[in-house]
Amino acid sequence: MSYTLTTPLYYVNDRPHLGSTYTTLACDALARFERLRLQKVTFVTGVDEHGQKIQRTAERQQLSPQDHCDRVSSRYRDLWNQWGISDDRFVRTTNPRHLELVVQFYERVKASGDIVVGKQTGWYCVDCEEYKDDPAEAESPSCSIHRKPLEWRDEENLFFRLSRYQSAIEELVARDDFIAPASRRQEVRNFVAQGLRDFSISRVNVSWGLPVPDHPGHTFYVWFDALLGYLTALLDDGEAVSLDRLASCGWPASVHVIGKDILRFHAVFWPAMCMSAGLPVPQKVFGHGFLTREGQKMGKSLGNVLDPELLLERCGTDAVRWYLLRDIQFGDDGDFQQQRFLDLVNNDLANTIGNLLNRTSSMARKWFDDGVPPAGKASSADHPLAIKAAETVRTVIEAMPQLAFKTAAESILQLAIAANGHLSDTAPWSRMKEPGQEASVAEDLFAVLETTRIVGLLLAPLLPELSGRILAQLGQSLDPNNWSNQLNWGRLSSGSPLPKPTPVMQRLELDEPL
RNA sequence: GUCAGAGUAGCUCAGCUGGUUAGAGCACAGGAUUCAUAACCCUGAGGUCGGGAGUUCAAGUCUCCCCUCUGACACCA
């Protein structure tokens, strides 16, 4: 089975920020999980590079738009590399192949009779670059954001006849598996219920855009172009650009993961465009929440933006991934709190999980010849920890496809806590001092080591680096093609050597605030 | 303004169709322990469940009113 997931194509107006990093990390976890489940995964990310805003930003920096895009795009690509993102496709909308695709798509939509020439008239705010909803008869309306008078505009645009898809879209958004999380579903339904209006897909005075074939002077509106980037990405396998090939290239997407701000484009406009072009619609659109920092919106004006490059450099990928995925319900808004970040990373990763491995491995090595102790009865699937582990595996496997990263992470942590509890209960260190206890101590240590192995395996999609270190410390490694089997209890073999333990996760201490 | 959602321990949140002393994690306090990354384990304190009224034998959970916050209300990537 093939599984296609996408991040948004990030707008290269500015350097990457934590929000896009967050989305991408979440997708990465999901992509890794699906690969381990042996899906044929295509993980798409990339950048959206057209539009007037970019044109202007480039001008301000005295760069050509293309140069500007090249620079920012490579920052994204580099950043994803540094974070260890496992994307399969990184698409750029300035790629010539993308133009080919957009033209093909446009021709299909046009052939469906869904392109009409119309007038875009209304009150326009130059600073916002958008039409306002003020009534046409308004005397002298002004923009509530910029407090400047609105200008009356009257320009020719091409329109997509969205209105024709009213009932089809209504049906689509009424499905309970299309828009997630459920809390955002109603919003979109209400919007659709108000009646869909045609929307413009071309501009006449934006030169930094893709030219519309049969309308000189027109360029495609950025959104029309950007969404199609998903298709371009899927076709980027060395073969020809052809919409006819999409079915064998992973379309429709299993899920588009996006920020809640662009839910409508993905849940309403985009499916209608697909229908018009005779393509299946995406299976799911997941709109996640936004991150604030210490309760405040992150922004340049507040000077409180958290730079992902800095965060990665100072804290490492495991720490940040864990915090974002384990502490924030994916879908809800989340608040980045430095103290909590440190607390969770140190408690969960260093103390609970890391130290569990360290202490258990130390005991095993000390008393059982630097290796895994004899399993005895502990290899049985009805050992309490075996039962708990099986439960955890089930929870993770159920949670991950639903993007419930928090549920998955918490249950893995609970498994480690249970193992620590088991050590406390059985106290191998004191029983080793009594005669004739070796065999039963060995069983307890085996069970805990085995639990740790499963913790390490379950962390693979969420924290690939830490997962690798945990497994290595157990003398194991991830088998990407055999994950499900590896998750079965009792696969650690008694007598196999355990390397000398070193902390797999350092406690995080910050000399200065982030 | 209209619509939707939310206001529960210091913080982040669970609490389904109303039913014994309102839960978890973090933070905090105390204890236990020494295998381990001053880690782990146990216990405890802490809440008039936004405010008010009502329905009911019984309401955090239903109804009404009020207060506060968030989001949507079309082309902002």
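Just so we're on the same page: letters track the sequence lines, and every chain starts at 1. What you see is a predicted model; the values in this text were computed from it and never measured.
Separation of the C1' atoms belonging to B:C57 and B:A45 is 34 Å when rounded to the nearest angstrom. Separating the C1' atom of B:C75 from that of B:A59 is a span of 46 Å, rounded to the nearest Å. When the C1' atom is used for both B:U43 and B:G52, the distance is 39 Å, rounded to whole Å. Rounded to the nearest Å, the gap between the C1' atom of B:U68 and that of B:G30 is 38 Å. B:C41 and B:A32 are spaced 8 Å apart, taking the C1' atom of each and rounding to whole Å. Taking atom P on both nucleotides, B:A6 is separated from B:G15 by 11 Å, rounded to a whole Å. B:G18 sits 23 Å from B:A24 when the C1' atoms are compared, rounded to a whole Å. The same atom, C1', is picked in B:U8 and in B:G25; the two are 15 Å apart, to the nearest Å.
Of the candidate nucleotides B:G71, B:G25, B:C3, B:C3 has the atom lying nearest to any side-chain atom of A:N190. Nearest nucleotide to the A:W429 side chain, out of B:C35, B:C75, B:A4: B:C35. Listed nucleotides: B:A74, B:C26, B:C35. Nearest to the side chain of A:L344: B:C26. Here B:U37 is the nucleotide among B:C41, B:A36, B:U37 with the atom lying nearest to any side-chain atom of A:A350. Here B:C26 is the nucleotide among B:C26, B:A74, B:G25 with the atom lying nearest to any side-chain atom of A:D343. Residue A:E187 places its side chain closer to B:G71 than to any other of B:G71, B:C35, B:C26. With B:G71, B:C41, B:A36 as the candidates, the nucleotide lying closest to the side chain of A:N420 is B:C41.
Within 4.0 Å of A:Q337, counting heavy atoms only, lie sugar-phosphate atoms of the nucleic acid but no base atom. Within the nucleic acid shown, A:L356 has no heavy atom closer than 4.0 Å to any nucleic acid atom. Heavy atoms of A:P503 sit under 4.0 angstrom from at least one base atom. Using a 4.0 Å heavy-atom distance criterion, A:S200 is classed as a base contact. A:R431 comes within contact range of no nucleotide atom at all, as no heavy-atom separation falls under 4.0 Å. Within the 4.0 angstrom heavy-atom criterion, no nucleotide atom of any strand lies near A:V12. Residue A:G19 is out of contact with every strand shown, counting any heavy-atom pair closer than 4.0 Å. Contacts of A:F191 with the nucleic acid, taken as non-hydrogen atoms under 4.0 Å apart, include base atoms. A:M432 comes within 4.0 angstrom of nothing in the nucleic acid, heavy atoms only.
The base-pairing partner of B:C26, taking Watson-Crick or G-U wobble contacts with both distances under 3.5 Å, is B:G10. With both pairing distances under 3.5 Å, B:U48 is matched to nothing as a Watson-Crick or G-U wobble pair. With a 3.5 Å ceiling on both atom-pair distances, the Watson-Crick or G-U wobble partner of B:U2 is B:A72. With a 3.5 Å ceiling on both atom-pair distances, B:A59 lacks any Watson-Crick or G-U wobble partner.
In this structure, A:N355 atom CG and B:A39 atom P are separated by 9 Å, rounded to whole Å. Rounding to whole angstrom units, CZ of residue A:F341 and C1' of B:C11 are separated by 17 Å. Following rounding to the nearest Å, A:L423 (CG) and B:A39 (P) show an atom-to-atom distance of 17 Å. A:Q329 has its CD atom 19 Å from the P atom of B:A24, to the nearest Å. Between the CG atom of A:L342 and the P atom of B:U37 there is a distance of 21 Å, given to the nearest Å. Rounded to whole Å, the distance from CZ on A:R184 to C1' on B:A72 is 11 Å. Taking atom CD1 on A:I417 and atom C1' on B:G25, their separation rounds to 9 Å, with Å as the unit. Between the C1' atom of B:C35 and the CG atom of A:D370 lies a distance of 15 Å, rounded to the nearest Å.
A salt bridge does not link A:D335 to A:R340: none of the charged side-chain nitrogens sits closer than 4.0 Å to a carboxylate oxygen. Between A:E49 and A:R92 a salt bridge is recorded (basic side-chain N to carboxylate O distance below 4.0 Å).
Nearest-nucleotide mapping onto RNA chain B: of A:Y10 and A:K297, the residue sitting toward the 5' end is A:K297. Looking at which nucleotide of RNA chain B each of A:Q194 and A:V222 is closest to, the 5′-most match is held by A:Q194.
By the 5.5 angstrom centroid cut-off and the 30-degree plane limit, A:F199 is classified as not stacked against the base of B:C75.
Contact annotation: A:R359 does not reach the phosphate of B:A39 (side-chain N/O to OP1 or OP2, under 4.0 Å). The phosphate of B:G25 has neither OP1 nor OP2 within less than 4.0 Å of any side-chain N or O from A:Y323. In terms of phosphate contacts, A:R340 brings no side-chain nitrogen or oxygen within less than 4.0 Å of OP1 or OP2 of B:G25. Residue A:N351 places at least one side-chain N or O under 4.0 Å from the OP1 or OP2 atom of B:C40. Phosphate proximity of B:A27 to A:N347: present, with a side-chain N or O under 4.0 Å from OP1 or OP2.
A distance-only check finds no donor-acceptor pair linking the side chain of A:R293 to the backbone of A:F336 [under 3.5 Å]. For the pair A:T57 (side chain) and A:K53 (backbone), a donor-acceptor distance under 3.5 Å is present. With hydrogens and angles ignored, the 3.5 Å screen pairs no side-chain donor or acceptor of A:H266 with any backbone N or O of A:H256.
Looking at A:V305 and A:L18, their side chains never come closer than 4.5 Å, going by heavy atoms from C-beta outward.
Rounded to the nearest 0.5 Å, atoms CG (A:L445) and CH2 (A:W367) are 6.5 Å apart.
The base of B:A74 does not come close enough to the side chain of A:R264 for any donor and acceptor atom to sit less than 3.5 Å apart.
No side-chain donor-acceptor contact under 3.5 Å links A:Y221 and A:N157.
Note: A:F199 and A:F224 fail the aromatic proximity criterion, with ring centroids not under 6.0 Å apart.
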